[in-house]
Amino acid sequence: MKADQTPLPRILVLASGSGTNLQALIDAGRERDFPGEIIAVGCNRPNAFALERAKQANIETFVVDHTKYGSREEFEGALMAEIRRQNPDLLVLAGFMRILTTDFVRAFRGKMLNVHPSLLPKYTGLNTHQRVLDAGDTLHGVSIHFVTEELDGGPVIAQAEVNVAQDDTPETLAERVQEKEHILYPIVVRWFCEGRIQLGNDCVMFDGEPLANPSRLPDN
């Protein structure tokens, strides 16, 4: 815990895989002026490398293995119990590969962020890099958004662009998009912890005003 007069906002990260975005958040959290604290990392896969990253950073971990439950509702009930035990101010989905039910999303409305590898609203769902190439797009990227009931449909807070080259493959695009994710996600989490962004009725509120268009970082 950083020395401060008031407790820092408590961040809980949910991941399913290698945890590269988690690592970016851990690295950002080591900065002296970072306004939040990662208090726990939860995974639905017991062998996810994200758990090892958290342990190396002395962050508490927990596993709720979705294969051990007979229904999505049972799994989410167990997951929600663990989250409630941690009492976070913010949930960060960092490659958490589970579709969440409406009840779960509503329980954490305005307190849950997600990263998606496309310039939303284009290309919700999976296989975004191949779909960009198939469409002949010249611009691709990443979006950070509030999570709502609509899959990948919550209000977008910020985006970062990636120019698509003629010789790009899904793999090369994925690598460059992920580099942008690692820059953008900590920025947005910082904004949340500083109280600069909130989820309004149907939009992002930034510094108390409706955000007409997502903040966008161009490719360079």
Side-chain angles (χ1 to χ4, degrees), residues 4 6-14 21-22 24-25 28-29 31 33-39 80 83 87-96 98-126 128 131-132 135 137-163 177-220:
D4 203 337
T6 58
L8 295 173
R10 297 164 58 83
I11 303 165
L12 191 151
V13 181
L14 295 178
N21 273 306
L22 167 64
L25 291 167
E31 298 172 7
D33 67 340
F34 195 79
E37 179 185 16
I38 301 175
I39 49 97
M80 190 175 295
I83 294 170
N87 191 31
D89 299 296
L90 173 65
L91 293 182
V92 174
L93 306 185
F96 188 63
R98 301 295 298 171
I99 296 176
L100 300 169
T101 65
T102 295
D103 287 344
F104 187 96
V105 171
R106 286 178 177 170
F108 298 103
R109 187 184 190 280
K111 296 175 57 177
M112 185 158 44
L113 302 177
N114 185 45
V115 57
H116 182 73
S118 79
L119 295 175
L120 292 171
K122 300 184 75 171
Y123 309 117
T124 61
L126 301 175
T128 61
R131 290 157 67 191
V132 164
D137 291 357
T138 59
L139 199 63
H140 188 30
V142 57
S143 303
I144 312 294
H145 65 96
F146 278 108
V147 178
T148 61
E149 293 89 339
E150 181 183 356
L151 179 65
D152 299 328
V156 177
I157 303 161
Q159 297 176 320
E161 299 175 352
V162 169
N163 292 312
V177 168
Q178 194 171 67
E179 289 174 358
K180 296 291 188 179
E181 293 175 9
H182 299 163
I183 295 169
L184 192 62
Y185 220 169
I187 291 173
V188 175
V189 170
R190 174 184 284 273
W191 288 344
F192 184 95
C193 292
E194 291 173 340
R196 300 191 66 189
I197 55 171
Q198 295 89 29
L199 177 60
N201 290 332
D202 57 359
C203 68
V204 176
M205 302 296 292
F206 194 101
D207 289 343
E209 299 291 336
L211 185 65
N213 296 296
S215 301
R216 184 172 285 195
L217 300 180
D219 202 6
N220 51 35

| query | So, do V115 and V142 sit near enough that their side-chain heavy atoms are less than 4.5 Å apart? | reply | yes
| said: Looking at every heavy atom in both N21 and A94, which two are closest together, and how far apart are they? | reply: CB-CB, 4.0 Å
| Ignoring hydrogens and geometry, is there a side-chain-to-backbone donor-acceptor pair from R10 to L90 under 3.5 Å? | no
| request: Taking the side chain as every heavy atom from C-beta outward, state whether L120 and D152 have any pair of such atoms under 4.5 Å apart. | output: yes
| said: Side chains of L217 and L184, heavy atoms from C-beta outward: is any pair under 4.5 Å? | reply: yes
| task | Scan side-chain atoms only and decide if S143 and Q159 contain a donor-acceptor pair under the 3.5 Å cut-off. | result | yes
| task | State, yes or no, whether a side-chain contact exists between V156 and I144 at a heavy-atom distance under 4.5 Å. | result | no
| message | So E149 and L100, do their side chains get closer than 4.5 Å, heavy atoms only? | response | no
Which atom pairs, one a donor and one an acceptor, fall under 3.5 Å between side chains of residues 186-198 and the rest of the protein, sequence neighbours left out?
{"residue": "R190", "atom": "NH1", "partner": "D33", "partner atom": "O", "Å": "3.4"}
{"residue": "R190", "atom": "NH2", "partner": "E31", "partner atom": "OE1", "Å": "3.3"}
{"residue": "R190", "atom": "NH2", "partner": "D33", "partner atom": "OD1", "Å": "3.3"}
{"residue": "R196", "atom": "NE", "partner": "D207", "partner atom": "OD1", "Å": "2.9"}
{"residue": "R196", "atom": "NH2", "partner": "D207", "partner atom": "OD2", "Å": "2.7"}
{"residue": "Q198", "atom": "NE2", "partner": "G195", "partner atom": "O", "Å": "2.6"}

| note | Minimal heavy-atom distance between P155 and T148, with the atoms involved, is CD-CG2, 3.8 Å
| query | T138: what forms a side-chain contact (heavy atoms from CB on, under 4.5 Å) with it, not counting sequence neighbours? | reply | none
| field | Close side-chain approach of L113 and I157, heavy atoms under 4.5 Å | value | yes
| request: Check side-chain contact (heavy atoms from CB on, under 4.5 Å) between T128 and all other residues, then give those that pass, not counting sequence neighbours. | output: H116, P117, S118, Y123, R131, H140
| field | Atom pair CE (M112) and CG (L93), whose distance is rounded to the nearest 0.5 Å | value | 5.5 Å
| query | Heavy atoms, side chains only, cut-off 4.5 Å: are L91 and K111 in contact? | reply | no
| message | Less than 4.5 Å apart, side chain to side chain, heavy atoms only: is that true for I83 and F108? | response | yes
| task | Indicate yes or no for a side-chain donor-acceptor contact from N114 to the backbone of V147 under 3.5 Å, with no hydrogens or angles considered. | result | no
| For F34 against L8, the heavy-atom pair lying closest together | O-CD1, 4.3 Å
| said: Working to the nearest 0.5 angstrom, can you tell me the gap between T102 OG1 and R109 CZ? | reply: 13.0 Å
| note | Taken in chain and number order and not counting sequence neighbours, the residues that satisfy salt bridge (charged side-chain N to carboxylate O under 4.0 Å, His left out) with D219 are K180
| message | Suppose we screen for side-chain contact (heavy atoms from CB on, under 4.5 Å). Which residues come up paired with L139, at least two apart in sequence or across chains? | response | L119, E161, N163, R216
| query | Taking only residues two or more places apart in sequence, or in another chain, which ones meet L211 in a side-chain contact (heavy atoms from CB on, under 4.5 Å)? | reply | V204, F206
